[in-house]
Amino acid sequence: AARAGLRSGAGLVTLLSPPAAIAVNASHLTAVMLDTFNDVRDLTLAVAKANVVVIGPGAGVTPATRANVETLLRTSARIVLDADALTVFEGQADTLFSRLRADDVMTPHAGEFRRLFGPLLETSINKIEAVRIAARTAGCVVLLKGADTVIAHPDGQCVVNTHASRWLATAGSGDVLAGIIAGQMTQGVGTFTAAAIGAWVHGEAGRRLGAGMIAEDLESQLPPVLALLYSAQV
């Protein structure tokens, strides 16, 4: 997620972790900055200058993750919530929804979607309507991942991205998507548009790689895919 954010337009990315993880992260990352935090007070200070924050991948389904999410939603940064940052509110989704803002985005897969919204996918007339209702209920942009990724804004705007590959159904692929979206957001792109761009770029990277790809491979495809988009705008 951190590397994808850097590749996708963020001028500077810092990976925050507990102190015990700093050595492990340092052995894998170079261009990504590293910092540590111990509690929510440290976290508040660490993100004071950030304009976008991703939380969830690798965070753990713990009370600490929940406290960190609630803390970040009190800052001025736009938040991308994925994975554990969503699961940790299972059974208490209203607590999360009461704190979300229209410029935040959550990126659940179907399982995480059901943990927050119950049987909405099954009771709605179609997937598009389900995600629209979810966005309105949560008060933020909702991106439901899948072969047909549906992205909805609380105001009812909705787009469907089918430009993808079945090979993207691999562990960590969604973390890369969260990073791509965040990278677009750091450039001032609106959250809804950044989510739509991210879904297409992520899908194109997966299509180029094809069978046998793993999440770590996606990063290598981001420069040529983004170059293609920028050249098309000239």
message: Within this structure, what is the OG-CG distance for the pair Ser124 and Asn126, rounded to the nearest 0.5 Å?
response: 7.5 Å
- request: Provide the closest heavy-atom pair for Ala138 versus Met106 in the form atom of the first, atom of the second, distance.
  value: CB-CE, 4.0 Å
message: Using the rule that Ile, Leu, Val, Met, Phe, Trp and Tyr join whenever any side-chain heavy atoms are under 4.5 Å apart, tell me whether Leu143 and Val189 fall into a single cluster.
response: no
Residues that Leu6 engages under side chain to side chain contact (heavy atoms under 4.5 Å, CB included), provided they are two or more places apart: Val13, Ala31, Val32
Leu96 CG to Glu90 CD distance, which is reported to the nearest 0.5 Å: 12.5 Å
Sequence neighbours excluded - ring pair (Phe, Tyr, Trp, His ring centres under 6.0 Å) pairs with any residue from residues 26-54: none
message: I need the Ile197 CD1 to Gln187 CD distance, nearest 0.5 Å.
response: 8.5 Å
Pairwise ring pair (Phe, Tyr, Trp, His ring centres under 6.0 Å) hits with a residue in residues 176-223, at least two apart: His163-Trp200
- request: State which residues pass side chain to side chain contact (heavy atoms under 4.5 Å, CB included) with Ala152; sequence neighbours excluded, sorted by chain then number.
  value: Val131, Arg132, Ala135, Cys158
query: Step by step, would you call Thr107 with Asp82 a side chain to side chain donor-acceptor pair (under 3.5 Å)?
result: CA-CA 5 Å; Thr107 60; Asp82 186 38; 3.0 Å; yes
message: Under the side-chain contact (heavy atoms from CB on, under 4.5 Å) test against Leu16, which residue among Asn68, Thr36, Leu43 passes?
response: Leu43
Residue pair Pro108 / Leu116, side-chain heavy-atom distance below 4.5 Å: no
message: When you group the ILVMFWY residues by side-chain heavy-atom contacts below 4.5 Å and let the links chain together, are Val160 and Val105 in the same group?
response: no
query: Between Met213 and Ser165, is any pair of side-chain heavy atoms under 4.5 Å apart?
result: no
message: Tell me the closest heavy-atom pair linking Ala215 and Ala171, and the distance in Å.
response: CB-O, 3.3 Å
- request: Could you walk me through whether Arg115 and Leu86 pass side-chain contact (heavy atoms from CB on, under 4.5 Å), step by step?
  value: CA-CA 8 Å; Arg115 289 167 199 153; Leu86 303 175; over 6 Å; no
- prompt: Between the main-chain N or O of Ile214 and the side-chain N or O of Asp217, is there a donor-acceptor pair closer than 3.5 Å?
  reply: yes
statement: CG (Asp35) and OG (Ser17) are apart, to the nearest 0.5 Å, by 8.5 Å
query: Which residues pass the ring-ring contact (aromatic ring centres under 6.0 Å, His included) test with Phe117, sequence neighbours left out?
result: Phe97, Phe113
- request: Report yes if some heavy atom in the side chain of Asp39 is under 4.5 Å from a heavy atom in the side chain of Asp42; otherwise report no.
  value: yes
- request: For the residue pair Thr75 and Val53, establish whether any side-chain heavy-atom pair is separated by less than 4.5 Å.
  value: no
- prompt: What's the shortest heavy-atom distance between Lys127 and Leu121, and which atoms?
  reply: CG-CD2, 4.2 Å
message: Run the side chain to side chain contact (heavy atoms under 4.5 Å, CB included) test against Arg66 and tell me which residues pass, sequence neighbours left out.
response: Glu70, Val88, Phe89, Gln92, Thr95
field: Spacing of Arg3 atom CZ and Glu219 atom CD [to the nearest 0.5 Å]
entry: 5.0 Å
query: Picking from Val47, Ile55, Val40, what satisfies side-chain contact (heavy atoms from CB on, under 4.5 Å) with Thr71?
result: Val40
query: If two hydrophobic side chains count as joined below 4.5 Å and joins carry through other members, does Leu226 share a cluster with Leu209?
result: yes
message: Starting from Ile151, can I reach Ile128 by hopping between I/L/V/M/F/W/Y residues whose side chains sit under 4.5 Å apart?
response: no
field: Heavy-atom side-chain proximity of Leu218 to Arg7 below 4.5 angstrom
entry: no
Test side chain to side chain donor-acceptor pair (under 3.5 Å) applied to Thr191 and His153, Arg101, Arg78, Gln184, the passing residue: Arg78
- request: Could you pull out the closest heavy-atom pair between Val141 and Ala195, with the gap in Å?
  value: CG1-CB, 4.4 Å
message: Using 0.5 Å steps for rounding, measure from the OG1 atom of Thr149 to the CG atom of Leu144.
response: 7.5 Å
task: Could you tell me which non-hydrogen atom of Pro154 sits nearest to which non-hydrogen atom of Gly139, and how far apart they are?
output: CG-C, 3.6 Å
message: Whether Glu122 and Arg114 form a salt bridge (side-chain N of Lys/Arg under 4.0 Å from carboxylate O of Asp/Glu) is what I want to check.
response: yes
query: Is any side-chain heavy atom of Leu177 closer than 4.5 Å to a side-chain heavy atom of Leu168?
result: no
- prompt: So if you build clusters from Ile, Leu, Val, Met, Phe, Trp, Tyr with side-chain heavy-atom gaps below 4.5 Å, do Val142 and Ile79 land together?
  reply: yes
- line: Shortest non-hydrogen pair, Ala194 vs Met185, comes out as CB-CG, 3.5 Å
